[in-house]
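Residue numbering restarts at 1 for every chain, and letters A, B, ... go by the order of the sequence lines. No experiment lies behind these values; they were computed from the predicted model shown.
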Amino acid sequence: MRKYLYIYKSEVMTNLQYIVDILVGFISYCIIIFIFLNLWNYIYSDPSELINGYNMNQMIWYVTITEILWMSISGRKLCRKICNDVRSGNIAYNINKPYNYVEYSLFNHLGVVTIRFVCVFVLGIAMGIIFLRSIPSLNVLQIAGFLLTCLLATVINILLIVAIGLISFFIEDANPFYWLYSKLILVVGTIFPVEFFPGVIQPIIKASPIYVVSYGPARLFVNFETSQFINVIVAQIIYLIISFSICHFIYSKGVKRLNVNGG
Amino acid sequence: MAVITVKNLSKSFKVKTKEKGLKGSLKSIIKTKYKIIKAVKNISFSVEKGEMIAFIGPNGAGKSTSIKMMTGILYPDKGSIDILGLNPVKERKKLAYEIGCVFGQKEQLWTHLTPYDNFRFFGAIYDIPNSRVEKKINELKELFELDDFINTPVRNLSLGQRIRCEIVASLIHEPKILFLDEPTIGLDPVVKENIRVLIKRMNKEYKTTVVLTSHDVSDIEKLCKRVIIVNNGSIVLDDTMENLKYHYLNKKIVDAKMKEQVNLDDEDGITILKDKGYNLKIEVDTKKKSVSDALKLLNPDNIIDINISNVPLEQIISDIYKEGDK
């Protein structure tokens with residue numbers, strides 16, 4: 001484990017050198033939140049009115065949190081990196097080290113996410129407080145529980161993106177698969193809560209990764225219920241095992257097909 | 001004691017092929033054709049502990065593929081590899097603790113971190129306790145003269161400094177075998193020489209077995225006592241550097257400037273390389289004709305200036321490559 005913590009630490013140290021670049025990149029976050037703020041302001045004639053169980057403040061906080069999770073993951077960069085590693089043969093230089101490439105990618109990218117998460121979290125919460133002048137009341141334990149679900153959501157999201165990237169072992173380019181995955185998470189899980197979709201497809205969404213990587217933590221932030229927390233954590237643990245197993249399965253099959261030319 | 005034993009090793013790659021033009025591109029969507037390339041064909045050799053061997057060959061000869069199989073990166077199709085009693089296919093992770101790799105064309109260091117942070121990182125991934133890593137860093141810092149730049153981010157180092165750090169990073173876990181894949185590529189002659197001295201010093205100090213690939217003949221000549229030449233996936237020569245020189249250096253090049261024009265014809269043991277009347281360049285096979293006999297043919301009284309030299313090692317090696325092609 002020490003080696004993976006070192007991989008994580010080294011990536012954090014690397015990213016700290018780009019802190020200004022990262023902050024500049026969050027301008028788009030502010031714009032998105034500002035757009036949704038105005039959109040929901042317009043849709044809700046009365047802020048206390050409930051639409052599918054959400055009042056206006058809850059709705060805006062929901063988008064704020066899902067966008068924090070979405071913006072901090074930097075998934076396209078991760079998927080592209082894994083695809084390039086596999087296709088260019090760069091992965092070879094990780095294979096001859098005493099660590100596993102899947103875990104290496106996970107901890108390495110967690111290093112990227114940590115800095116981004118801290119920055120965008122502070123920014124998102126500050127924007128929410130400034131514009132809404134209120135924040136969902138959570139006690140210390142509930143905040144810890146919420147942050148734990150955020151961490152697990154991030155880990156699962158990274159592992160699923162790593163699995164998509166590893167498909168490059170079998171096909172030329174895995175990026176279109178990432179595009180599908182990201183759009184699914186963005187449209188179905190980030191912008192609208194599950195309750196906004198027709199009753200028929202709600203169980204499908206709740207069984208999909210959207211529930212564990214996006215909806216679950218955000219829902220807890222706007223309305224923390226212990227039973228909901230347990231549901232989210234259990235679902236996240238199941239997804240963690242599934243995504244981890246998928247990554248290792250694809251990697252173990254793919255690495256035998258590795259072609260590294262030249263040198 | 002052999003630390004590397006390779007027996008009948010073979011590896012093929014399946015490469016996609018496509019007919020030319022747009023028609024070919026459309027056809028390949030429906031039916032993809034593949035071509036099998038035999039990168040390594042049935043090679044066998046062994047390396048003793050503490051040996052420094054050169055594993056050389058032209059581009060595409062199969063040397064890097066062989067090294068990648070020995071380090072557990074690629075899976076062989078046939079044959080067996082034994083590295084320090086370990087099978088790289090089945091015990092890749094275990095093997096990683098015993099070997100070190102430096103790929104001159106590939107950075108393994110974190111460019112935004114300093115060499116010191118990088119060495120600490122490598123110490124951690126090889127599960128070495130912090131106190132031992134510190135000791136090792138200090139030791140290697142002295143040996144590889146890193147004092148001036150150990151705290152400068154790698155991205156700001158010169159290529160020569162970076163290669164030194166790459167080698168040190170691969171030595172942190174005290175590997176028993178070091179694979180150096182073109183470690184001096186792109187370096188200027190002074191830095192190259194410096195790196196060679198350091199590699200030699202390391203081999204002497206730690207008795208590390210070194211497998212070196214390089215296109216630079218001076219690297220091979222100055223570092224290795226044994227050379228394995230690979231071409232078209234097969235070993236075309238496996239011999240000591242001394243034997244290589246002895247067998248192939250029996251040919252001498254005689255470059256003479258004459259007072260009067262000499263009419264000399266090719267004969268057994270003598271090959272005329274250049275004949276410009278007063279300037280003559282001949283190759284003498286000393287196994288068939290002695291240099292003095294060759295000079296007699298030229299008439300020593302007729303010679304204004306003469307230079308007798310060995311065939312350059314580059315020439316010897318490229319001739320061996322060509323023989324392999326046949």
Side-chain angles (χ1 to χ4, degrees), chain A residues 1-22 81 84-105 107-108 111-112 115 168-173 248 251-263, chain B residues 11-16 32 37 39 59-60 63-65 67-75 88-89 92-114 117-118 120-130 153 155 170 173 179 181-182 185 213:
Chain A
M1 195 60 192
R2 181 174 154 246
K3 67 181 79 175
Y4 294 112
L5 289 176
Y6 244 92
I7 291 167
Y8 169 75
K9 190 178 130 189
S10 299
E11 191 57 41
V12 170
M13 281 157 74
T14 300
N15 272 271
L16 280 172
Q17 308 213 17
Y18 291 116
I19 198 86
V20 177
D21 296 6
I22 292 171
K81 184 180 172 288
N84 287 342
D85 273 359
V86 174
R87 280 186 300 179
S88 67
N90 252 356
I91 200 167
Y93 307 99
N94 282 297
I95 291 173
N96 68 357
K97 297 280 181 305
Y99 48 66
N100 187 286
Y101 182 72
V102 172
E103 280 93 310
Y104 168 83
S105 302
F107 281 87
N108 186 287
V112 176
I115 304 288
S168 304
F169 274 122
F170 309 94
I171 56 163
E172 279 289 317
D173 190 4
H248 277 275
Y251 179 76
S252 64
K253 292 282 167 206
V255 81
K256 287 179 187 160
R257 296 167 56 102
L258 183 66
N259 273 9
V260 186
N261 302 330
Chain B
K11 173 81 184 171
S12 300
F13 290 119
K14 211 165 110 182
V15 180
K16 218 183 244 183
T32 317
I37 292 176
N59 287 333
K63 53 185 192 308
S64 278
T65 304
I67 287 198
K68 284 178 180 121
M69 285 193 278
M70 285 188 259
T71 51
I73 294 171
L74 292 176
Y75 287 58
V89 176
R92 185 189 58 76
K93 221 169 175 179
K94 229 172 167 183
L95 179 69
Y97 287 94
E98 306 292 340
I99 60 168
C101 300
V102 175
F103 297 93
Q105 303 195 64
K106 212 86 236 176
E107 275 176 2
Q108 58 175 342
L109 300 173
W110 294 61
T111 49
H112 294 283
L113 304 185
T114 64
D117 287 333
N118 267 287
R120 288 294 300 261
F121 169 78
F122 279 91
I125 67 161
Y126 284 101
D127 303 317
I128 305 168
N130 283 342
R155 65 172 191 273
S170 65
H173 61 293
F179 291 91
D181 195 359
E182 300 187 37
I185 196 162
T213 77

inquiry  = If you compare all heavy atoms of B/W110 against all heavy atoms of A/E11, which two are closest, and at what distance to 0.1 Å?
reply    = CZ3-OE1, 3.0 Å
task = Apply side-chain contact (heavy atoms from CB on, under 4.5 Å) to B/D117 and list each qualifying residue two or more places apart in sequence or on a separate chain.
result = A/M13, B/L113, B/T114
ask   = Around A/F170, counting heavy atoms of other residues, nucleotides and ligands shown, do more than 12 lie under 6.0 Å from its CZ?
value = yes
query = Between CE of B/M70 and CG of A/N96, what distance do you get to the nearest 0.5 Å?
reply = 13.0 Å
note = All heavy atoms of A/P98 vs all of B/I125, minimum pair found to be CG-O, 3.3 Å
ask   = Which of the residues B/P153, B/C101, B/A124 is involved in the greatest number of heavy-atom pairs with chain A at under 4.5 angstrom?
value = B/A124
key: Working for side-chain contact (heavy atoms from CB on, under 4.5 Å), residues A/K97 and B/F122   = CA-CA 10 Å; A/K97 297 280 181 305; B/F122 279 91; 3.7 Å; yes
note = Looking only at B/I37, B/T111, B/L95, B/I128, most heavy-atom pairs under 4.5 Å shared with chain A are made by B/I128
inquiry  = For B/K94, is the NZ atom crowded, meaning more than 12 foreign heavy atoms sit under 6.0 Å from it?
reply    = no
remark   = Residue set satisfying side-chain hydrogen bond (donor to acceptor under 3.5 Å, both in side chains) with B/N130, at least two apart, ordered chain then number -> A/R2, B/R120
key: Contact summary for A/K3 and B/Y97, nearest pair of heavy atoms   = NZ-OH, 2.8 Å
query = Do the side chains of B/K106 and A/N90 get nearer than 4.5 Å, heavy atoms only?
reply = yes
Which of B/T71, B/I99, B/D127, B/N118 touches chain A most, by non-hydrogen pairs under 4.5 Å = B/D127
query = Do the non-hydrogen side-chain atoms of B/F121 and A/K9 ever get within less than 4.5 Å of each other?
reply = no
ask   = Heavy-atom distance under 4.5 Å to chain B: side chain of A/I7, backbone, both or neither?
value = both
